[in-house]
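Just below is one structure, and these are the notes that go with it.
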Amino acid sequence: MSGTSEGPAPESGEPPRAGPPMVTERDEEGSGELRDYRAAFRAAALPMAVVDHRGQVVRVNDALASLLGTGPDALRGGRAADLVDLAADGRSQVAYGEVLAGTRSRLRCTRRLKHPDGRSLWAEVTVVPMADPAEGPGNALLSVEDVSDRHELHLRLRHLRMHDPVTRLPNRTLFFERLTTALEAPSFQETPPFQEAPPFQKDPPPGNGRIGLCYLDLDGFKAVNDTLGHHVGDRLLAAVATRLTDCADADGHHRAGGHLVARLGGDEFAILVEDSAGAHQLTELAGAVLGALERPFDVGGQRLSVSASIGVVERAAADATPTGLMQAADTTLYWAKADGRGRWTLFDPERNAHRMTRQALSATLRAAVERGEFTLEYQPLVGMADEVVRGVEALVRWNHPRFGMLAPHRFVPIAEEDGTIVQLGRWVLRTACRQARRWQLEHPAEPALFVSVNVAVRQLWDSDLVADVAEVLAETGLAPGLLQLELTESAVTGSAGRPLRVLQALSDMGVRIAIDDFGTGYSNLAYLSRLPVSVLKLDGSFVRGFRQDDGNRSSPADETIVEAMVQLAHRLGLTVTAECVETSGQAERLRRIGCDTGQGWLYSRAVTPERIAELIGSRPPGS
């Protein structure tokens, strides 16, 4: 370091000169230590500078001058922050000011600097207040340590930690780090040690604010692992990774950095598309991936074939979170597999809303039964000959506190899946029988109405239905002949063992058994002779074929089929109910064919118990 220009000491009475104190032969005791300090400072191998409270360089040693490729004199009086880029981020700039003001004990940060020979180096910059008053109040010592070797080691270790050893793709950790960075606005954070700097761009292209994700797993990969071993499976995964990368590179060539392809674990991969051009770009990419994976793989001389199912999500980045995006991708991948595998499926908000609603209903269904959120409505069953109400079908409704009044098709399948149908079925049976008995007692002069209650197949297996029915009939006082239990045709087809014994016991008790939606299954005639069935309810699809449009008569084949089923039922001693009767023309032809009772909007929709009470002994409004 070149010597600093030092003039004579100021004369007595003159104000002190700015800058460091001058040292002469007449220095007082301690001036020798000051000279030793300055000599050590100049000769130190560690690049250093003394900075005053304004942030200006007071003194620079030779090591720092050499590092920056200039002389010490050229650096004096300059802004220290500019020398080592301390204003690169807001937090470091604030901390630097606090050190100079004496309110902070240390600033340490990492910066990438340009060496005079053109190479880049990584430096750890430290700024600490100077306790030596000889340097003046507010001065600080700035030191710069070349940590490039440590940084390179850090990068190598980070690469190993952030990449999958089998495919050499980014792993789950790096994928979520990149996804989070893509979705979040730049955070106001101090640069941590060894943070990788982004590629320098003078004018980076503005993003379009959208993001996309292809989330896939391999169909049939487990069979490869199980039959050929994990070493073959690993080589297959590496080959798959290569094809995915090729597809991503081909689609992302227009974007700096391209798309990120990652292995999330097992046989699951993801392709992250930042600045997505829209759903069409994602679906085209997914189609290219499927096409690439369809080609057989040559792994160690063996020809292997796999396919993939892909969930595709594309949305505005402002509307997305890492967790939400991955949940949507996982859901969509499930849809792709459920739809038949070997395909891509695009996220559908409406389908997802239905799924979320289904989950919400499933989570609260059992508690809803206990809270009494269900109610029954009743649809009249009308005699075709005289159009008098003979009975009613009990239809359950869920008065959901969030979704409002829900029809059976919204929740009964869920109840059947999770077993809640047993608990709900008991409540429906008891409530319907109690209501039928109440009508009977309130209208003793009129023929009693029978009540028809739907029974799920799970109730035949998972509950003691015979005991439940006997208990309810005894509790309510309703005669067994006024109770009809409806089962779907698919539920009784092939019935044997326990279900058949249950149906037989109920029939022996005097309860009527009805087959709902008759005519929609296979071999629907063979079991009628051996099941204890009392009533056939013709599926509405047959009745709808009787509709007259613009005065045109329906096909004679429709009437022939229905007439044959009605005659067969009568010969077996069964009565026939026609469902979905909507017009008087349909009712007239069904009456002529010989149907015993009808049910449908022509007569009445499902209504409250009070409205049924008004219909007892009279004709429904539509008849």
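All values below come from the heavy atoms of this structure, side chains included, with hydrogens, waters and symmetry mates left out. Since this is a predicted model, take the numbers as computed values, not measurements. We're numbering straight along the sequence, starting at 1.
Between R397 and E377 a salt bridge is recorded (basic side-chain N to carboxylate O distance below 4.0 Å). Taking a cutoff of 4.0 Å between a charged side-chain nitrogen and a carboxylate oxygen, E314 and R210 qualify as a salt bridge. Taking the charged nitrogens against the carboxylate oxygens, R437 and E442 have no contact shorter than 4.0 Å, which rules out a salt bridge. Salt-bridge formation is not detected for the pair D596/K537: no Lys NZ or Arg NE/NH1/NH2 atom is positioned less than 4.0 Å from an Asp or Glu carboxylate oxygen. Ion pairing between K222 and D226 holds under the 4.0 Å rule for side-chain N and carboxylate O. Ion pairing of D219 with K337 is present here, as a side-chain N (NZ or NE/NH1/NH2) and a carboxylate O approach within less than 4.0 Å. Looking at E471 and R430, a side-chain N of the basic residue comes within less than 4.0 Å of a carboxylate O on the acidic one, giving a salt bridge. One finds a salt bridge joining E475 and R434 here, because a Lys/Arg side-chain nitrogen approaches an Asp/Glu carboxylate oxygen to under 4.0 Å.
Residues V581 and G598 come closest through the heavy atom pair CG2-CA, 4.4 Å. The shortest non-hydrogen separation linking V543 to C580 is CG1-O, 3.6 Å. Residues V511 and L483 come closest through the heavy atom pair CG1-O, 3.4 Å. When all heavy atoms of L536 and A569 are compared, the closest pair comes out as CD1-CB, 3.7 Å. Taking each heavy atom of V451 and A394 in turn, the nearest pair found is CG2-CB, 4.3 Å. In terms of heavy atoms, L590 sits closest to A578 at CD1-CB, 3.6 Å.
Note that R410 lies outside the cation-pi zone of W398, set by a 6.0 Å cut-off to the ring centre and a 45° limit from the axis. A cation-pi contact links R605 to W601, judged by a cut-off of 6.0 Å to the six-membered ring centre and 45° from its axis. A cation-pi arrangement is absent between R355 and Y334 under the rule of less than 6.0 angstrom and at most 45 degrees off the ring axis. For the pair R512 and F450, the cation sits on the ring face: its NZ or CZ lies under 6.0 Å from the ring centre, inside 45° of the axis. For the pair R315 and F347, the cation-pi criterion (under 6.0 Å, within 45° of the ring axis) is fulfilled.
Residue I271 holds its CD1 atom at 6.5 Å from SG of C247, rounded to the nearest 0.5 Å. Put simply, CD on Q484 and CD1 on I513 are 8.5 Å apart, with the number rounded to the nearest 0.5 Å. In this structure, L213 CG and I211 CD1 are separated by 8.0 Å, a value rounded to the nearest 0.5 Å. To the nearest 0.5 Å, atoms CD (E610) and OH (Y378) are separated by 10.0 Å. Rounded to the nearest 0.5 angstrom, H570 NE2 and Q567 CD are separated by 9.0 Å. Summarising the geometry, atom CG belonging to L473 is positioned 6.0 Å from atom CG belonging to L478; distances are rounded to the nearest 0.5 Å.
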- Task: Evaluate the criterion side-chain contact (heavy atoms from CB on, under 4.5 Å) for residue pair T597 and T575; output intermediate values, then yes/no.
- Result: CA-CA 8 Å; T597 55; T575 60; over 6 Å; no

- Message: I'd like to know whether C214 forms a side-chain contact (heavy atoms from CB on, under 4.5 Å) with V273, so could you lay out the CA-CA distance, the side-chain angles of the two residues, the decisive distance to 0.1 Å, and finally the verdict.
- Response: CA-CA 8 Å; C214 291; V273 179; 5.7 Å; no

- Message: Pair R611, L615 - check side-chain contact (heavy atoms from CB on, under 4.5 Å), show working.
- Response: CA-CA 7 Å; R611 180 61 183 137; L615 297 177; 3.7 Å; yes

- When you look at W427 and L376, which way does the side-chain contact (heavy atoms from CB on, under 4.5 Å) test go after all the steps? CA-CA 10 Å; W427 178 86; L376 291 184; 3.9 Å; yes

- Task: Given side-chain hydrogen bond (donor to acceptor under 3.5 Å, both in side chains), test N454 with E393 step by step and report yes or no.
- Result: CA-CA 8 Å; N454 291 280; E393 179 180 353; 3.0 Å; yes

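With hydrogens and angles disregarded, a donor-acceptor distance shorter than 3.5 Å links the side chain of T364 to the backbone of A360. Side-chain atoms of E373 do not come within 3.5 Å of backbone N or O of P401 as any donor-acceptor pair. Without hydrogens or angle criteria, S507 side chain to L503 main chain gives no donor-acceptor distance under 3.5 Å. Put simply, the side chain of E446 never gets that close to the backbone of H443: no donor and acceptor are under 3.5 Å apart. The main-chain N or O of R358 is never found under 3.5 Å from a side-chain atom of S362 such that the two would form a donor-acceptor pair. With hydrogens and angles ignored, the 3.5 Å screen pairs no side-chain donor or acceptor of T431 with any backbone N or O of V428. Under the 3.5 Å distance criterion, the side-chain polar atoms of E588 are left unmatched by any main-chain donor or acceptor of G585.
Put simply, the side chain of V535 does not reach to within 4.5 Å of the side chain of L574, judged on heavy atoms. L293 places none of its side-chain heavy atoms less than 4.5 Å from the side chain of S307. The shortest side-chain heavy-atom distance between W335 and R351 falls under the 4.5 Å cut-off. Looking only at side-chain heavy atoms (C-beta outward), Q379 and L395 come within less than 4.5 Å of each other. The side-chain heavy atoms of R390 and L381, taken from C-beta on, include no pair separated by under 4.5 Å. Considering only heavy atoms from C-beta on, V455 comes within 4.5 Å of L465 through its side chain. At a threshold of 4.5 Å between non-hydrogen side-chain atoms, the residues W439 and I616 count as touching. L506 has its side chain within reach of L485: a pair of non-hydrogen atoms, C-beta onward, lies under 4.5 Å apart.
In this structure, H354 places its NE2 atom where only 12 or fewer heavy-atom neighbours from other residues, nucleotides or ligands lie under 6.0 Å away. Other residues, nucleotides and ligands contribute only 12 or fewer heavy atoms inside 6.0 Å of the CD atom of E350. Around CE of M405, the count of heavy atoms belonging to other residues, nucleotides or ligands within 6.0 Å exceeds 12. The neighbour count for R571 CZ, taken as heavy atoms of other residues, nucleotides or ligands under 6.0 Å away, does not exceed 12.
Partner L285 forms a side chain to side chain contact (heavy atoms under 4.5 Å, CB included) with one of I310, L290, D251, V312 and no other, that one being D251.
No close placement of the F175 and F269 rings is indicated, their centers lying 6.0 Å or farther apart. Taking the six-membered ring for Trp and the full ring otherwise, Y215 and W344 have centroids separated by 6.0 Å or more.
No side-chain donor from either of Q504 and R501 sits under 3.5 Å from a side-chain acceptor of the other. Side-chain contact of Q599 with T577: a donor-acceptor pair under 3.5 Å is absent, judged by distance alone.
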